[in-house]
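Indexing begins at 1, ligand by ligand and atom by atom, following the structure's order. Below, each value reflects all heavy atoms present in this structure, side chains not excepted, and no hydrogens, waters or symmetry copies.
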Amino acid sequence: MGRNIITATSPLMPDLNSFNEYLRDIWEKKWITNNGSYHKLLEKELADYLGVPYICLFTNGTLPLITALQALRITGEVITTPYSFVATTHALWWNGIKPVFVDIDPETGNIDPEKIEAAITPKTTAIMPVHVYGQPCRIVEIQEIADKYGLKIIYDAAHAFGVKKDGESILNAGDISTLSFHATKVFNTIEGGAMIVKDEKTKQRIDYFKNFGFANETEVVSPGINSKMDEIRAAYGLINLKQVDKAIDVRQKVAKRYREALKCVKGVKFWNDHPNIKHNYSYFPIFINAEEYGMTRDQLYFKMKSHNIYGRRYFYPLISTFSMYRGLPSANKDNLPNAYKMANEVICLPIHHELTKEDVEKVINEITK
Ligand SMILES: *Cc1c(COP(=O)(O)O)cnc(C)c1O
């Protein structure tokens, strides 16, 4: 109808001809789930692509978080961030664990390692940080704290597909990292996710966990859940994996143009790339200082929306403000000043592989005019 909508994201999808070939093969084999050949192949190809030792596919990105906490037998209290998608904290809730929110570092949006120690109590068993927008957490400092207090680390790496620091995948940090392959993420299997583990034995345990604890036809060796990925989505993922680098290249160009055009706009801040990090350009957050910009974040957000440009207020509101968590002592606003500030200033601009040059200029005009 001539309404040209610029969406925040657009799912990377296989071309139908390639997908059809895979589908025909799956139809012939009639092996449609339960660790079929495409499932095995996607695990292998992802491990190679990401540079990680072992990967377990899941049916979404929330179940590996929940399962990781089970597998590491995490109980009591876990230190985490309020500046994330709600699934991070919900994974603790599903395990009967008390979340303890720690404020973020305004330079990255990630949990501030300097504030972690003060939040540790005798009940603390783990830290669950998030590599927000794919920006690596301060991995070394967090590990030092974990080692000092005997804590486990589970990274919610839902945004960090393919991100490397000094040539090494950041998915190898901590004890376990988890990924989401939801349609809105850089790499998707429609719904899907994965867990990154360090040794074969843990992979075996996780594979039991995600299949009801079955070790073979008759033996159930652990409690378990059903969170298996099926063959159709594994095939979809295999095709997407072949084109994800190209999609990331387009995202990088979009980010470059945004930076060029917005660097002189008063009251608009953003982060630059780091030379030692391989970024994935999964998001392009900008931060609006209402006084300098002359308009609040929400005013800009709704103005963009009224002109069919859809940004995202990731992450607003903070997880700690939702009714089930706001009663926690650590959810107190005074405990989380940086998180509150960022949640009130952020807009993630449209960024995906299908944005045209004209789209990008329209977004820029909307912010600069
Ligand atoms: C997307 C996301 C998840 C959840 O992934 P699903 O695949 O949607 O279950 C978890 N954490 C973060 C930070 C996310 O962005």
### Query
Does Lys185 come within less than 4.0 angstrom of ligand 1, counting non-hydrogen atoms of the residue?
yes
## Note on the structure
Nearest non-hydrogen protein atom to atom 15 (O) of ligand 1, with distance, is His159 NE2, 2.7 Å
### Task
Return a yes/no value for Gly61: is any of its N or O atoms, backbone included, closer than 3.5 angstrom to an N or O of ligand 1?
yes
### Message
Taking Glu231 first and then Lys29, would you say they form a salt bridge - that is, a charged N and a carboxylate O separated by under 4.0 Å?
### Response
no
### Task
State whether the shortest distance between N or O atoms of Asp156 and N or O atoms of ligand 1 falls below 3.5 angstrom.
yes
### Task
Decide yes or no on side chain to side chain donor-acceptor pair (under 3.5 Å) for Ser180 and His182, but give the supporting numbers first.
CA-CA 6 Å; Ser180 165; His182 181 257; 5.6 Å; no
### Task
State plainly whether the residues Asp230 and Arg233 are in salt-bridge range, i.e. N to O under 4.0 Å.
yes
### Query
Should the pair Lys203-Asp207 be classified as a salt bridge under the 4.0 Å nitrogen-to-oxygen rule?
yes
### Message
Taking a cutoff of less than 4.0 Å between a non-hydrogen atom of the residue and any ligand atom, is Ala91 in contact with ligand 1?
### Response
no
### Task
Could you tell me whether Asp298 and Arg313 have a side-chain N and a carboxylate O separated by less than 4.0 Å?
yes
### Message
Would Thr62 count as a polar contact of ligand 1, with the cut-off being nitrogen or oxygen pairs under 3.5 Å?
### Response
yes
### Message
Looking only at protein heavy atoms, which one is nearest to atom 5 (O) of ligand 1, and what is the separation?
### Response
Ser180 OG, 3.2 Å
### Message
Glu191 versus ligand 1: do any nitrogen or oxygen atoms come within less than 3.5 Å of each other?
### Response
no
### Message
Looking at Glu21 and Arg24, is any side-chain nitrogen of the basic one under 4.0 Å from a carboxylate oxygen of the acidic one?
### Response
no
### Query
Would you call Glu345 and Lys341 a salt bridge, taking side-chain N to carboxylate O under 4.0 Å as the test?
yes
### For atom 3 (C) of ligand 1, the protein heavy atom that lies nearest, with its residue and separation
Phe85 CD2, 3.7 Å
### Message
So is Gly193 touching ligand 1 or not, going by heavy atoms under 4.0 Å?
### Response
no
